[in-house]
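Convention: sequence-line order gives letters A, B, ...; per-chain numbering from 1. Computed over heavy atoms, backbone and side chain alike; hydrogens, waters and symmetry mates excluded. This is a predicted model, so every value here is computed, not measured.
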Number of protein chains: 2
Amino acid sequence: MTAGGAAGRAGDVARRATIREVAEAAGVSRSTASRALTGQGYVAPQVRDRVRAVADGLGYVPDATARHLRRQASQSIGVLLSDLANPFYAGLAAGISQQARKRQYTMMLADDGGSAGVEAEAAETFVALRVAGVIVTPVSAHLASYLARQRIPVVEVDRQFSAGACDAVLVDNGSAAQKVTTQLIESGHRRIALVIDEMHWTTGRDRLAGYRAAFGAAGLPLDESLVVSAGWDVEAARVEIRKLLGRAEPPTALFAANNVLAEAAFRTAAELGLAIPGQLSLVSFDDVPWMSMVTPGVTAVRQDTAALGEAAVSQLIERIQSPLAPVRTVLLSASIVTRGSTAPPA
Amino acid sequence: MTAGGAAGRAGDVARRATIREVAEAAGVSRSTASRALTGQGYVAPQVRDRVRAVADGLGYVPDATARHLRRQASQSIGVLLSDLANPFYAGLAAGISQQARKRQYTMMLADDGGSAGVEAEAAETFVALRVAGVIVTPVSAHLASYLARQRIPVVEVDRQFSAGACDAVLVDNGSAAQKVTTQLIESGHRRIALVIDEMHWTTGRDRLAGYRAAFGAAGLPLDESLVVSAGWDVEAARVEIRKLLGRAEPPTALFAANNVLAEAAFRTAAELGLAIPGQLSLVSFDDVPWMSMVTPGVTAVRQDTAALGEAAVSQLIERIQSPLAPVRTVLLSASIVTRGSTAPPA
DNA sequence: CCTCCATATGGGATCGATCCCACATCGGCG
DNA sequence: CGCCGATGTGGGATCGATCCCATATGGAGG
């Protein structure tokens, strides 16, 4: 097929096959070809086989956008995360993508970098694409309400901004935080600092509540000055932590509310020459790879990110299939991985 | 508008607005509405403003699938990676997603887990969605040739299976490997092991070539038994590394060809009680977060994953715009981050 | 023999946006 | 005054697949 001739003209080479071409090549109508390929409706068995053989031969792949337009139902879900370079979100993405593939959905992924503005843009893009539903680690309540108005199901993951208005898949932050704080208390710690990102998010709020509950349950007073809100800026967080650890009466243990803060705390401790766990016990909410590589390893609350992502996809698909079912919040429990960074205070 | 009446019936609430509804509400035809909204063709300025105001009021968002179908041109790119949970791929995904957003493209992401079968399925999905192009970290040559037949541009990233047949964006593996090996040689190492994943991939092949070249340039003989192919299975790799380090005449330095092997080497050294860098110097190709957290830090070849992803998007868009331009391979250079894991041999 | 139903097939409309083209209007200019 | 090009508008076709419906055929049953 390399020689010239009319068919060899550059530019007019092999356009992608459409169902019409499959039908013509098989000597049937578009309708029959469609039934043969989708398996919906009556087709004579031998015609079905012939059409399918012809389609294979032509390398026919149905146009999903055309099908979507006609059926008014998409097989794509939108996924919006805060920071793919953070292993927490990357793990989430991995879980979502696995489960989506299993359920025959494709995934449109965007990263909003934690910005509400980008989040809003992404929401509009998802509407334009007419996705079947959206999974989001929200940074505002806007997305869920906007998409609700457009009748697009939303599942909030990790944290919740629209409780009662849309489904959510969360980690049981309160219980996990309480449990890990209780362990520190039981091993003798009293001055336990909590370094937290943002207390208005449900993650921060619930982790703080668990921490408080641990003191309450132990009947111990809580030194409010040991609760430090460090925000999202890494540099600013390190400054806060340095101040905290440099106090006249420093904490004997530090509970970092996320993996970024744990890294800041770990580095700062090293910088100040504080031995872990000798002079400072360290606990992290969220377990990421480096915590098991360093010596001593960092005790951490392990959130199963893959399971979180899978649960989010399952919940979203249920919602797509039953738009009127009652709103649901799924809570996944977290486990504690005890490593060398925690020990009784000196 | 909360009171009952015919419009208040449950179920028939606010369908999504179409351009036809915008046109009717603005008192013009679909054609005029389309011109007003897209800015293509003649429209009277006051009509344009009125149509846009009406569209805003109705919360109109054009259906991207319908537009795509009609224009026969999509604004989505397909992205296929091997393992989102690995920080290398996660960083790549982050870079791609940033750049795609900047260029007004949306991203369909899939994870093939390193399986050629899943890769082939994903390729078909991308064809079905009629994406404008595909970025892939390939595991076989099939994807690129299949998509080429479908006239869908492909950019291979990180490694190359279809040299000459499609564009690629790669790291200059040879130079980086040679440079880092030369550093080891210059600091006095002679028995330098190379633990590599797979020598048939361009990554492995080129890193091996760089390693060899370093010995050649130094005029030193190379002990072939120190080149170990460990494959992709982590457990098997650890067994290989354990054997390697347990030899009668063990290497004084180990060069791990990727971050997973570096982790295996690091853990195995600890397990065997080998001091780093005292008894073994360690170097990794690919720098991931834990390498800067451990003590001593691990000397590593740093690949800028974000830049790699961004370059891939740029190359893909150029290809989309100029389908006939000559095939291009972009090489990004890597830098060496020297940390405490390397020192002259004892 | 005629009716009826299950099976089988094709034509036309449809989804939403775009775009070609026909047609209308208006101002300028010879 | 009439012609022409620039401007503005709407109708219909189109992208590819699906699906409703009309029509056709064959065998079973009254």
Inset, instruction - Check the surroundings of atom CD in B/Gln104: do more than 12 heavy atoms from other residues, nucleotides or ligands lie under 6.0 Å from it? - result: no

Legend entry - Spacing between A/Leu69 atom CG and D/dT18 atom P, to the nearest angstrom: 12 Å

Inset, instruction - Rounded to the nearest 0.5 Å, what's the gap from CG on B/Leu84 to CG on B/Asp111? Could you check? - result: 4.5 Å

Legend entry - N/O donor-acceptor pair, side chain A/Arg67 with base D/dT18, under 3.5 angstrom: no

Legend entry - Interatomic distance, A/Leu37 CG vs D/dA17 C1' [rounded to whole Å]: 10 Å

Legend entry - Nearest listed nucleotide, side chain of B/Arg35, among C/dG16, D/dG16, C/dC20: C/dC20

Legend entry - Any donor-acceptor N/O pair under 3.5 Å between D/dG12 base and B/Arg30 side chain: yes

Inset, instruction - Please tell me which of the listed nucleotides, D/dT9, C/dT9, D/dA17, lies nearest to the side chain of B/Arg130? - result: D/dA17

Inset, instruction - Round to the nearest Å and state the distance from B/Glu24 atom CD to D/dG10 atom P. - result: 12 Å

Legend entry - Side chain B/Arg48, main chain B/Arg35, donor-acceptor under 3.5 Å: no

Inset, instruction - Using only heavy-atom distances, decide whether a donor-acceptor pair under 3.5 angstrom links the side-chain of A/Arg70 to the base of C/dG16. - result: no

Inset, instruction - Scan A/Thr65 against the nucleic acid and name what it touches under 4.0 Å (heavy atoms): base, sugar-phosphate only, or nothing. - result: nothing

Legend entry - Residue B/Ile19, side-chain heavy atoms: nucleotide from C/dA8, D/dA17, C/dT18 that is nearest: C/dT18

Inset, instruction - Evaluate the side chain to side chain contact (heavy atoms under 4.5 Å, CB included) criterion for residues B/Tyr60 and B/Leu37: first the C-alpha distance (whole Å), next the side-chain angles of each, then the deciding distance (0.1 Å), finally the verdict. - result: CA-CA 10 Å; B/Tyr60 171 72; B/Leu37 294 169; 3.6 Å; yes

Inset, instruction - Return no unless some side-chain N or O of B/Gln72 is found under 4.0 Å from OP1 or OP2 of C/dT18. - result: no

Legend entry - Length of the CG-P vector between B/Asp63 and C/dT18, whole Å: 10 Å

Inset, instruction - Look at B/Ser31 and D/dG10 and indicate whether a side-chain polar atom (N or O) is within less than 4.0 Å of OP1 or OP2. - result: no

Inset, instruction - Rounded to the nearest angstrom, tell me the gap between atom CD in B/Gln40 and atom C1' in C/dC20. - result: 14 Å

Legend entry - B/Tyr60 side-chain N/O to C/dA17 phosphate OP1/OP2 under 4.0 Å: yes

Legend entry - Presence of B/Ser29 side-chain N/O under 4.0 Å of D/dT9 phosphate oxygens OP1/OP2: no

Inset, instruction - Answer yes or no: does a side-chain N or O of B/Ser34 lie under 4.0 Å from OP1 or OP2 of C/dT18? - result: yes

Inset, instruction - Give a yes/no on whether any side-chain N or O of A/Arg71 is located under 4.0 angstrom from OP1 or OP2 of D/dC19. - result: yes

Inset, instruction - Report the C-alpha separation of A/Asp63 and B/Arg130 in whole Å, then their side-chain angles, then the decisive distance to 0.1 Å, and conclude whether the salt bridge (Lys or Arg N to Asp or Glu O under 4.0 Å) test is met. - result: CA-CA 7 Å; A/Asp63 185 327; B/Arg130 304 294 193 261; 3.8 Å; yes

Inset, instruction - State whether B/Thr32 places a side-chain N or O below 4.0 Å from either non-bridging phosphate oxygen (OP1 or OP2) of D/dG10. - result: yes

Legend entry - Phosphate contact (C/dT7 OP1 or OP2) by A/Tyr42 side-chain N/O below 4.0 Å: yes

